[in-house]
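Scroll down for the structure; my scribbles are underneath it.
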Amino acid sequence: MPTVVLVGTLDTKGAEYGWLRGRLRGLGCEAVVVDAGTGPPGIVPDVPAERVAREGGASLEALREAGDRGAAVTAMGEGAAAVLAELHAAGRVDAVLAVGGSGGSSIAARAVRDLPIGLPKLIVSTMASGDVTPYVGAKDVTLTYSVVDIAGVNRVSRLILGNAAAAAAGMAHAQAGSGAEPEEDGRPLVAASMFGVTTPAVDAARERLERLGYEVLVFHATGAGGRALEGLAASGLLAGVLDLTTTELADDLVGGVLSAGPDRLTAAGRRGIPQVVAPGALDMVNFGPRDTVPERFAGRNLYVHNPTVTLMRTTAEEMAELGGRVAAKVAAATGPAALLVPLRGVSALDAPGMPFEDAAADAACFAALGGEPLDLHVNDPEFGRAAAERLHAMISGGAA
């Protein structure tokens, strides 16, 4: 029988979790209830709050006495994550289901963060109609908006929670029946970074790598995509990284909306994983609709990519700083690393006659980058194929 683990604050959501447990059992699943609350539970859990707090490095009694909600949410989230890791190691997690407001959603998000990709993770949250970045991060978390507050089981919440239970049960049955792990095909894994404006480069590289016998995982450089790539590199599952699109570093420097954080372009280097890097799309910083661009950038070169995305051209000073940052990250790599520089432009918009054509800005970046110059545009198929061939040589022979 597949197992769905329910993680929640039973002091405030006991009735809801009791109802979900009954519904899951009716759908042919075992339900394991983990109490991540700090008050007296509304139902009897399978894993009590005392153990969750202890696993999170705290004492339940101390958390209650302190009355610090933020500290309690942090500790119980860490503890719930540790409990889930133990249950997963024991083969007792086929899906995770949680319901809650901001606090409960934060606990659940932390609890599922370290579980493997592909293991179903479903959170019903009052926060799911806004910015869900804190809850999803770089993992495959499914969010459902609760519509009404999660305060009892009523004619509306019963529909939402019933659908969530059915979804979790269905995914758990599928997970248990599939053996949980994806079927291996024996090909080495390569991760590649891509943006719409670098797609031709990555497509050419991917096609070449696939012909050479690799499986290529492409990550969209939207902040979350870069964080997911870094996480996969840190896990040690990759044979190589083809980081042709480092644009998220521009957002991190200038203040765009698609930053992957300052640690972008570091995990592969720390693990010694062969990597080929290029300054793909460093010519742009990302914002939302045109009217959301900060006023301080009003005089900059702005391009409305679509109704929800506005791009801003990076200046020569910013490009020089970005070139230096990329070069330093590549130089710090403990394994084979190459930095390829497309002298004819770094994105589809950075080309003759295009809105972001700026030879002086590119030259400032290239001077700081160093690396290996190629008299090609980043999107020339030859550039993508050259990057693929270099990565293959590194992986197969260890050549830098």
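- Other residues sharing a hydrophobic cluster with Leu27 under the 4.5 Å side-chain heavy-atom criterion for ILVMFWY residues do not exist; the residue is a singleton.
- No side-chain heavy atom of Thr142 sits under 4.5 Å from any side-chain heavy atom of Asp140.
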**Request:** Mind running side chain to side chain contact (heavy atoms under 4.5 Å, CB included) on Leu339 and Val326 for me, showing each step along the way?
**Result:** CA-CA 9 Å; Leu339 180 52; Val326 170; 4.0 Å; yes
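- Side-chain contact between Thr246 and Lys329: absent, with no pair of heavy atoms (C-beta onward) separated by less than 4.5 Å.
- For residues 1-23, there are no salt bridge (charged side-chain N to carboxylate O under 4.0 Å, His left out) pairs, not counting sequence neighbours.
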**Steps toward side chain to side chain contact (heavy atoms under 4.5 Å, CB included) verdict (Thr245, Val202)** = CA-CA 9 Å; Thr245 311; Val202 179; 4.3 Å; yes
**Message:** Run Val33 and Leu10 through side chain to side chain contact (heavy atoms under 4.5 Å, CB included) and show every step you take.
**Reply:** CA-CA 9 Å; Val33 180; Leu10 301 189; 3.7 Å; yes
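- In this model, a donor atom of one side chain and an acceptor atom of the other lie less than 3.5 Å apart for Arg270 and Thr266.
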**Request:** Would you sort out whether Leu6 and Val32 count as a side chain to side chain contact (heavy atoms under 4.5 Å, CB included), showing the intermediate values?
**Result:** CA-CA 6 Å; Leu6 295 164; Val32 174; over 6 Å; no
Identify all side-chain donor-acceptor contacts of residues 281-289 below 3.5 Å with residues at least two apart in sequence or on another chain.
from, atom 1, to, atom 2, distance (Å)
Asp283, OD1, Ser347, OG, 3.3
Asp283, OD2, Ser347, OG, 2.7
Asn286, ND2, Asp251, OD1, 3.2

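- At a threshold of 4.5 Å between side-chain heavy atoms, the hydrophobic network of Ile, Leu, Val, Met, Phe, Trp and Tyr places Met312 and Val304 in two separate groups.
- Qualifying side chain to side chain contact (heavy atoms under 4.5 Å, CB included) partners for Pro2, counting only residues two or more places apart in sequence or in other chains: Cys29, Asp94, Ala172, His173, Ala176.
- Glu207 places no side-chain N or O within 3.5 Å of a backbone atom of Ala204 that could act as its donor or acceptor partner.
- If you check the side chains of Glu248 and Ser259, you find no donor sitting under 3.5 Å from an acceptor.
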Using distance only, find each side-chain donor-acceptor pair of residues 234-243 under 3.5 Å and give its atom names and separation, not counting sequence neighbours.
from, atom 1, to, atom 2, distance (Å)
Ser235, OG, Leu232, O, 2.5
Ser235, OG, Leu237, N, 3.4
Asp243, OD1, Ser193, OG, 2.6
Asp243, OD1, Arg264, NH2, 2.7
Asp243, OD2, Arg264, NH1, 2.8
Asp243, OD2, Arg264, NH2, 3.4

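- Contact detail for Ile123 and Ser105: the closest heavy-atom pair is CG2-OG, 4.2 Å.
- When side chains are defined from C-beta on, Val93 counts as touching Leu119, because their heavy atoms get closer than 4.5 Å.
- Within the model, atoms OG1 of Thr198 and CZ of Phe195 stand 8.0 Å from one another, a figure rounded to the nearest 0.5 Å.
- Nearest heavy atom pair, residue Val216 against residue Ala192, reads CG1-CB, 4.1 Å.
- For residues 155-168, every residue pair satisfying the side chain to side chain donor-acceptor pair (under 3.5 Å) rule, not counting sequence neighbours, is listed here: Asn154-Ser157.
- Checking side-chain atoms of Glu318 against main-chain N and O of Leu253 turns up no donor-acceptor pair under 3.5 Å.
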Quiz: residues 217-226 side-chain donor-acceptor pairs under 3.5 angstrom, not counting sequence neighbours:
from, atom 1, to, atom 2, distance (Å)
Thr222, OG1, His220, O, 3.4

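- With sequence neighbours excluded, the residues that form a side chain to side chain contact (heavy atoms under 4.5 Å, CB included) with Arg69 are Val73, Ser102.
- Taken together through direct or relayed side-chain contacts under 4.5 Å among Ile, Leu, Val, Met, Phe, Trp and Tyr, Val330 and Met394 form parts of separate hydrophobic clusters.
- In this structure, Arg325 pairs ionically with Glu321, as a charged nitrogen and a carboxylate oxygen lie closer than 4.0 Å.
- Panel note: side chain Thr9, backbone Thr12; no donor-acceptor pair is recorded below 3.5 Å.
- Ile107 and Val47 fall within a single hydrophobic cluster, where Ile, Leu, Val, Met, Phe, Trp and Tyr are joined by side-chain heavy atoms under 4.5 Å apart, directly or via other members.
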Which pairs would a plain distance check flag for residues 349-368, meaning a side-chain donor or acceptor within less than 3.5 Å of a matching protein atom at least two apart in sequence or in another chain?
from, atom 1, to, atom 2, distance (Å)
Asp350, OD1, Arg313, NH2, 3.4
Asp350, OD2, Val346, N, 3.0
Glu357, OE1, Gly353, N, 2.8
Asp358, OD1, Ala360, N, 3.3
Asp358, OD1, Ala361, N, 3.0
Asp362, OD1, Arg313, NH2, 2.9

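- Residues passing the side chain to side chain contact (heavy atoms under 4.5 Å, CB included) test with Thr334: none are found, sequence neighbours excluded.
- Between Val156 and Leu159 the shortest side-chain heavy-atom distance does not fall below 4.5 Å.
- Remark: the backbone N or O of Asp35 is not paired with any side-chain donor or acceptor of Tyr17 at under 3.5 angstrom.
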**Check against salt bridge (Lys or Arg N to Asp or Glu O under 4.0 Å), Glu210 and Arg206** = CA-CA 6 Å; Glu210 288 175 347; Arg206 175 181 52 79; 3.6 Å; yes
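- Not one N or O on the side chain of Glu382 forms a donor-acceptor pair closer than 3.5 Å with the backbone of Leu376.
- Under the rule for a side chain to side chain contact (heavy atoms under 4.5 Å, CB included), the partners of Ser146 that lie at least two apart in sequence or sit in another chain are Val124, Thr126, Ile150.
- Cluster annotation: Met319 and Leu374 are assigned to distinct hydrophobic clusters (Ile/Leu/Val/Met/Phe/Trp/Tyr, side-chain heavy-atom contacts under 4.5 Å, transitive).
- You'll find the side chain of Arg187 stays beyond 4.5 Å of the side chain of Tyr214, heavy atoms only.
- Taking 4.5 Å as the limit, some side-chain heavy atom of Arg390 sits within range of a side-chain heavy atom of Leu340.
- Pairs engaging residues 42-61 under the side chain to side chain donor-acceptor pair (under 3.5 Å) rule: Arg51-Glu86 [sequence neighbours left out].
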